[in-house]
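Notes follow once the structure below has been shown.
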Amino acid sequence: MRRLALILSLLAQTSTALATDPPSVAKAALDFELSDGHRFVTLASLPAQPTVINFWRADCPPCVREMPELAALARAGRVRVITVALQRPAETAAAPAAIQAALQPPLLSLHGPGEPRGLLARFGNRAGALPHTVILDTDRRACAQHTGEINRRWLAEALAACGKT
């Protein structure tokens, strides 16, 4: 019985650690080269601007639930919002209509690589869990990140902590 309690305690600690990554500041500017379906986009080629990057999949319920909040943030125009679908473009195209509507400009919708672990690790998510959201400053350095579902409150607090209010 004691062994079971220890295992359950370790599992609870692990799931908590996966749910919220501590904010970190990357020493080097982050970059990637991903497709928007028409061209390849690099972060370095985009104008300097605070950026929220969200890694997601259409078969991930928390990913889908947070998409309208990300679209609203993009429409507000205070920061750039980029979503990176870690799935084939056909899977993104098959997402529900509400998600398709959320993925419209000014939100920038990109597709990640077939094997995303390296990309996710570079953006602070070594576990590979989704959804994963990172806020970059104007120098493309991570100033906040969260693995798990985000909401309006987390976005507001993280953006304020990053000096993006």
Legend entry - Inter- and intrachain pairs under salt bridge (charged side-chain N to carboxylate O under 4.0 Å, His left out), touching residues 38-47, at least two apart: Asp36-Arg39
Inset, instruction - Using the side chain to side chain contact (heavy atoms under 4.5 Å, CB included) rule, take Val81 and Thr51 through it: C-alpha gap first, then chi angles, then the decisive distance, then the call. - result: CA-CA 6 Å; Val81 178; Thr51 302; over 6 Å; no
Inset, instruction - Name all pairs fulfilling the salt bridge (charged side-chain N to carboxylate O under 4.0 Å, His left out) condition that reach into residues 92-103, sequence neighbours left out, sorted by first residue then second. - result: none
Inset, instruction - Give a yes or no answer on whether the side chain of His132 reaches the backbone of Gln145 with a donor-acceptor pair at less than 3.5 Å. - result: no
Legend entry - Residues which pass salt bridge (charged side-chain N to carboxylate O under 4.0 Å, His left out) with Arg88, listed by chain and number, not counting sequence neighbours: none
Legend entry - Pairs touching residues 64-88 that satisfy ring-ring contact (aromatic ring centres under 6.0 Å, His included), sequence neighbours left out: none
Inset, instruction - Drop me the distance from Cys162's SG to Ile135's CD1, to the nearest 0.5 angstrom. - result: 5.0 Å
Legend entry - Contacts of type side-chain hydrogen bond (donor to acceptor under 3.5 Å, both in side chains), residue Arg126, not counting sequence neighbours: none
Legend entry - Chi angles and distances behind the side chain to side chain contact (heavy atoms under 4.5 Å, CB included) call for Arg78, Leu159: CA-CA 10 Å; Arg78 297 181 322 152; Leu159 288 167; 3.3 Å; yes
Inset, instruction - Can you tell me which residue pairs pass the ring-ring contact (aromatic ring centres under 6.0 Å, His included) test with a partner in residues 93-120, sequence neighbours excluded? - result: none
Inset, instruction - Output the distance between atom CG (Leu136) and atom CZ (Arg141), rounded to the nearest 0.5 Å. - result: 10.5 Å
Inset, instruction - Check for a donor-acceptor pair, side chain of Asn125 on one end and backbone N or O of Leu120 on the other, with a separation under 3.5 Å. - result: no
Legend entry - Non-hydrogen side-chain atoms of Pro113 and Leu34 separated by less than 4.5 Å: yes
Inset, instruction - Under the side-chain hydrogen bond (donor to acceptor under 3.5 Å, both in side chains) rule, collect the residues that match up with Glu157, sequence neighbours excluded. - result: Arg153
Inset, instruction - Taking all non-hydrogen atoms of both residues into account, name the closest pair between Val134 and Ala142 and its distance. - result: CG1-CB, 3.9 Å
Inset, instruction - Determine which pairs satisfy side chain to side chain donor-acceptor pair (under 3.5 Å) with at least one residue from residues 55-67, sequence neighbours left out, and list them in order. - result: Asn54-Glu66, Arg57-Asp59, Arg65-Glu149
Inset, instruction - Can you run down the disulfide (SG to SG under 2.5 Å) pairs that involve residues 42-112, sequence neighbours left out, and say none if there aren't any? - result: Cys60-Cys63
Legend entry - Residues forming a side chain to side chain contact (heavy atoms under 4.5 Å, CB included) with Arg122, sequence neighbours excluded: Leu30, Phe32, Leu119
Inset, instruction - State, to 0.1 Å, how close Ala58 and Val64 come at their nearest heavy-atom pair, and which atoms those are. - result: O-CG2, 3.4 Å
Listing, residues 99-109 side-chain donor-acceptor contacts under 3.5 Å, not counting sequence neighbours, or none:
from	atom 1	to	atom 2	distance (Å)
Gln100	NE2	Thr92	O	2.3
Gln104	NE2	Gln100	O	2.9

Inset, instruction - Say whether, by atom type as modelled, one donor and one acceptor occur between the side chain of Glu91 and the main chain of Ala93 under 3.5 angstrom. - result: no
Inset, instruction - Decide yes or no on side chain to side chain contact (heavy atoms under 4.5 Å, CB included) for Thr42 and Phe40, but give the supporting numbers first. - result: CA-CA 7 Å; Thr42 61; Phe40 282 94; over 6 Å; no
Legend entry - Rounded distance (nearest 0.5 Å) linking atom CG of Leu155 with atom OG1 of Thr133: 7.0 Å
Legend entry - For Gln49, side chain to side chain contact (heavy atoms under 4.5 Å, CB included) partners two or more places apart: Arg80
Inset, instruction - For Ile82 and Leu43, run side chain to side chain contact (heavy atoms under 4.5 Å, CB included): C-alpha distance rounded to whole Å, both residues' side-chain angles, the deciding distance at 0.1 Å, then the answer. - result: CA-CA 10 Å; Ile82 299 173; Leu43 281 174; 3.7 Å; yes
